[in-house]
Amino acid sequence: MTSTSHPKRAFITGITGQDGSYLAELLLSKGYMVFGLVRRVAFEDEAHRMHRIAHLLDRIELIPGSLESFPSLYAAIKKSSPDEIYHLAAQSYVNTSFEDEFSTMNANINGTHNMLAVYRDLVPQARFYFAGTSEMFGRPSQIPQNENTPFAPRSAYGISKVAGFHLTKNYRENYGLFACSGILYNHESPRRGFEFVTRKITSHVAKIKKGLINRLELGNLDSRRDWGHARKYMEAVWLMLQQPKPLDCVICSGKTHSVREFCKIAFEYAGLNYQDYVHSVQKFYRADSTGQTLVGDPAQAENYLGWRYDLPIERLIHEMVDHDLSLVFTVRQSTKTEQIFNVMT
Ligand code: NAP
């Protein structure tokens, strides 16, 4: 906490998302006052759009706004007057970025630019975090990738995040701000969106176990990913803003597993054989599939942040399957659960 004994104030964009919800929990546990930017439409559909933060609503303050609206961000930062800004909001799904390049670019580039400009003008003494991604490496020239690996994005999403990274770096260097970027590899959890492959697998395992469906279609089963747990990655994000100097940092597990391995572990945990249900289908192959492996080098995070990732992949997958099984088995017992389950179908 600050030496002034006032609780620190944190402002999170993307608080309704996977990472925002874990970060809000972490900051509350550390005594922060937490403010979150939420799209106005979410207030009209709380049960659905705020389900990840439903348990926090009486302890955080939500402020309406959107990345595309500079005035709304200005008002939100003025109201929250933060010591730390965590800019997590983004169109975060790579496949959607192929389908709708323009809204991805608009939200991710202009949204980040808006946030940085408001930060510089209103609270330049604050610290700023930008949510970068391993997708910025796209087709990497080296394995594993580290903070010095050149960016070579292969999707509108990756390009938009490279732009956000450079905007953040420029604001840091041109205006002397404490602004930095995390370059985070894929991180998952029971709160991951259903469109992402890991959650697609675990939600299908639950529905297959319940006898609701008997088929799971995926893309390339031999694609490998560097997967970690979102809750743990948010600890690294917080640590980045506690350092003496701003530093961009790769956050990763440093290990890869294939989609096939993920399926095998998830199905086996539910007492099923993945080979009886999983089908590799061309239409789900990613348009940017390069055959290159995105795997991070965690050395800088370990040496400078003192952050180490040591959770076995089985623990992450079992937690996700358990959660999705509980959603399926309690369906129709509560309206809220049913609404969440409906997203899974
Ligand atoms: P997520 O679950 O998809 O959450 C995205 C958040 O952004 C949601 O709260 C969403 O609000 C908000 N948002 C999207 N567009 C917005 C807009 N125009 N105005 C205001 N809010 C908007 O994503 P996540 O997994 O938590 O990821 C958090 C950040 O980390 C993202 O920037 C993502 O690109 C980056 N990242 C994630 C991973 C990963 O593996 N998860 C890896 C690297 C980087 P609604 O609820 O209203 O849609």
Side-chain angles (χ1 to χ4, degrees), residues 11-25 36-54 60 62-70 72-73 76 86-97 100 102-115 129-138 145 153 155-165 168 181-199 225-234 236-237 240 248-253 294 296 316 343:
F11 179 78
I12 303 174
T13 71
I15 196 166
T16 57
Q18 169 187 261
D19 290 5
S21 65
Y22 283 117
L23 182 64
E25 276 172 14
L37 185 82
V38 176
R39 288 195 261 201
R40 202 168 281 283
V41 64
F43 289 100
E44 290 155 20
D45 186 11
E46 258 186 41
H48 202 175
R49 301 195 64 145
M50 295 197 200
H51 70 270
R52 296 187 181 96
I53 51 168
I60 58 181
L62 299 179
I63 305 175
S66 85
L67 294 181
E68 294 84 355
S69 160
F70 182 90
S72 75
L73 299 178
Y86 296 89
H87 175 41
L88 308 181
Q91 192 299 100
S92 70
Y93 187 43
V94 178
N95 288 9
T96 301
S97 83
D100 191 352
F102 293 90
S103 64
T104 300
M105 291 293 189
N106 192 24
N108 295 4
I109 301 179
N110 295 340
T112 301
H113 196 183
N114 287 338
M115 277 302 301
Y129 171 83
F130 169 69
T133 164
S134 55
E135 295 294 330
M136 300 191 307
F137 295 127
Q145 299 84 47
S155 62
Y157 172 71
I159 293 166
S160 72
K161 288 291 188 172
V162 170
F165 176 93
T168 305
S181 300
I183 304 175
L184 272 60
Y185 283 65
N186 292 65
H187 43 283
E188 318 298 316
S189 77
R191 299 183 193 169
R192 189 64 146 144
F194 290 100
E195 66 274 34
F196 293 91
V197 66
T198 53
R199 191 74 194 278
R225 293 278 181 274
D226 179 336
W227 278 304
H229 198 305
R231 188 191 291 112
K232 182 80 181 150
Y233 281 32
M234 289 308 103
V237 163
M240 285 182 66
D248 303 323
C249 204
V250 163
I251 306 296
C252 60
S253 79
L294 284 176
L316 167 67
V343 184

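Atoms within a ligand are numbered from 1 in the order they appear, just like the ligands themselves. Numbers here are sequence positions counted from 1.
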Donor-acceptor contact present, side-chain Asp19 to main-chain Met234, <3.5 Å: no
Show me which atoms of ligand 1 lie under 4.0 Å from any heavy atom of [X].
X      : result
Arg192 : 25 (O), 39 (C), 40 (O), 41 (N)
Tyr157 : 33 (C), 34 (O), 35 (C), 36 (N), 44 (C)
Lys161 : 31 (C), 32 (O), 33 (C), 34 (O)
Glu68  : 17 (C), 18 (N)
Ser92  : 1 (P), 3 (O), 23 (O), 33 (C), 34 (O)
Leu184 : 42 (C), 43 (C)
Asn186 : 40 (O)

Criterion side-chain contact (heavy atoms from CB on, under 4.5 Å) on His187 and Gln18, from CA distance to verdict: CA-CA 9 Å; His187 43 283; Gln18 169 187 261; 3.6 Å; yes
Nearest heavy atom to [atom]: which of [options] does it belong to?
atom                    : options                      : result
atom 30 (O) of ligand 1 : Ala131, Gly132, Gly182       : Ala131
atom 42 (C) of ligand 1 : His187, Met234, Arg225       : His187
atom 4 (O) of ligand 1  : Gly193, Ala90, Gly228, Gly17 : Gly17
atom 22 (C) of ligand 1 : Arg191, Arg49, Arg39         : Arg39
atom 26 (O) of ligand 1 : Asp19, Leu88, Thr16, Val38   : Asp19

Protein heavy-atom partner closest to atom 19 (N) of ligand 1 - residue, atom, separation in Å: Leu67 N, 3.1 Å
N or O pair under 3.5 Å between Phe196 and ligand 1: no
Gln145 side chain to Ser134 side chain, donor-acceptor N/O pair below 3.5 angstrom: no
